[in-house]
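Each remark here refers to the structure printed beneath this line.
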Amino acid sequence: MCDSSLFVYQSGSDTTYLLLYVDDIVLTASNNTLLHRFIDLMKREFAMSDLGPLHHFLGITVTRSSSGLYLSQSLYAQDIIARASMTKCNPVATPVETNSKISATSGPAIKDPTLYRSLAGALQYLTFTRPYISYAV
């Protein structure tokens, strides 16, 4: 009910979940027959491709094992670090400069605000899904 992008079909013991984000879809069902039937119905109504088992969606890497699915955003976080040209930076115990004094005239203006905005949005998304890193970000 709280996610308007998630659609659920349930009939008896059959359940199908469809997660829609712009033009990306994740679809799963309680059994393969139902899943393939639903994919065929969707293909009749919409121009779409079945990319097979889920590997990557919205910055989340999906790895399957016999015990279930493992979700990771490490590649997404590494991509953000690379876009910010921070791959050679060293980790620190405290992610905040303890003696920093910030002022409106402390430095030059940002040359490319587009990159800054893109990084800010990516970091915001990362902290929504990984709240324990919010302080560091």
Side-chain angles (χ1 to χ4, degrees):
M1 297 294 263
C2 67
D3 189 345
S4 60
S5 299
L6 179 65
F7 300 90
V8 180
Y9 167 80
Q10 196 162 20
S11 176
S13 63
D14 290 337
T15 306
T16 303
Y17 296 97
L18 184 143
L19 182 62
L20 177 65
Y21 184 78
V22 185
D23 62 353
D24 292 324
I25 297 173
V26 174
L27 179 62
T28 190
S30 54
N31 63 65
N32 283 335
T33 304
L34 178 61
L35 179 63
H36 292 295
R37 194 169 71 217
F38 197 84
I39 290 171
D40 290 339
L41 285 169
M42 293 287 291
K43 283 182 176 180
R44 283 189 221 148
E45 294 295 323
F46 307 102
M48 58 180 275
S49 309
D50 180 3
L51 301 177
L54 181 62
H55 299 287
H56 195 81
F57 185 72
L58 298 179
I60 300 171
T61 303
V62 180
T63 307
R64 296 176 186 277
S65 74
S66 59
S67 59
L69 299 176
Y70 176 73
L71 306 178
S72 171
Q73 285 186 295
S74 62
L75 290 177
Y76 183 73
Q78 290 171 10
D79 175 60
I80 295 170
I81 291 168
R83 284 176 23 211
S85 301
M86 296 180 71
T87 54
K88 302 245 190 263
C89 292
N90 296 319
V92 293
T94 304
V96 176
E97 174 64 45
T98 56
N99 296 319
S100 178
K101 302 273 192 258
I102 298 175
S103 72
T105 59
S106 65
I110 296 171
K111 292 181 184 174
D112 184 5
T114 305
L115 174 62
Y116 174 79
R117 288 183 192 113
S118 170
L119 290 171
L123 287 169
Q124 183 179 28
Y125 172 70
L126 190 62
T127 60
F128 287 159
T129 56
R130 297 287 183 248
Y132 61 90
I133 65 169
S134 293
Y135 180 75
V137 169

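Numbers for residues simply follow the sequence, beginning at 1. Note that this is a predicted model, so its numbers are computed, not measured.
- The cluster map of Ile, Leu, Val, Met, Phe, Trp and Tyr, joined by side-chain heavy atoms under 4.5 Å apart, puts Ile25 and Tyr21 in different clusters.
- In terms of heavy-atom proximity, Gln124 sits nearest to Thr127 at O-OG1, 2.8 Å.
- Using a 4.5 Å cut-off on side-chain heavy atoms (C-beta onward), Val62 and His56 make no contact.
- Side-chain contact between Leu18 and Leu20 is present, with heavy atoms from C-beta onward closer than 4.5 Å.
- In this structure the side chain of Gln78 never reaches within 4.5 angstrom of the side chain of Thr87, judged on heavy atoms.
- No continuous path of ILVMFWY side-chain contacts below 4.5 Å connects Leu75 to Phe128, so the two sit in separate hydrophobic clusters.
- Note that the CG atom of Leu35 and the CG atom of Asp40 stand 9.5 Å from one another [nearest 0.5 Å].
- Between Ile80 and Leu123 the shortest side-chain heavy-atom distance falls below 4.5 Å.
- Rounding to the nearest 0.5 angstrom, the gap separating the CG atom in Asp24 from the OG atom in Ser5 is 11.5 Å.
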Side chains of residues 44-55: which donor-acceptor partners sit under 3.5 Å, not counting sequence neighbours?
from	atom 1	to	atom 2	distance (Å)
Asp50	OD1	Gly52	N	2.9
His55	NE2	Pro53	O	3.3

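- Hydrophobic clustering places Leu6 together with Leu71 (ILVMFWY residues linked when any side-chain heavy atoms are closer than 4.5 Å, directly or through intermediates).
- Checked by atom type and distance alone, the side chain of Ser30 pairs as donor or acceptor with a backbone atom of Thr15 at under 3.5 Å.
- When side chains are defined from C-beta on, Asp14 counts as touching Asn31, because their heavy atoms get closer than 4.5 Å.
- Residues Leu19 and Asp3 have side chains in contact (heavy-atom distance under 4.5 Å, counting atoms from C-beta outward).
- Here Tyr76 and Tyr125 bring their ring centres to under 6.0 angstrom of each other.
- For Phe57, the CZ atom counts as densely surrounded, since its 6.0 Å shell holds more than 12 non-hydrogen atoms of other residues, nucleotides or ligands.
- Side-chain N/O atoms of Thr129 and Gln73 include a donor and acceptor closer than 3.5 Å.
- We find the CG-CG distance between Leu119 and Asp79 to be 9.0 Å, quoted to the nearest 0.5 Å.
- When every heavy atom of Ser72 is checked against every heavy atom of Arg130, the shortest pair comes out as CA-NH2, 4.4 Å.
- A heavy-atom distance below 4.5 Å is found between the side chains of Leu27 and Thr16.
- With hydrophobic clusters built from ILVMFWY side chains whose heavy atoms lie under 4.5 angstrom apart, Phe7 does not share a cluster with Leu41.
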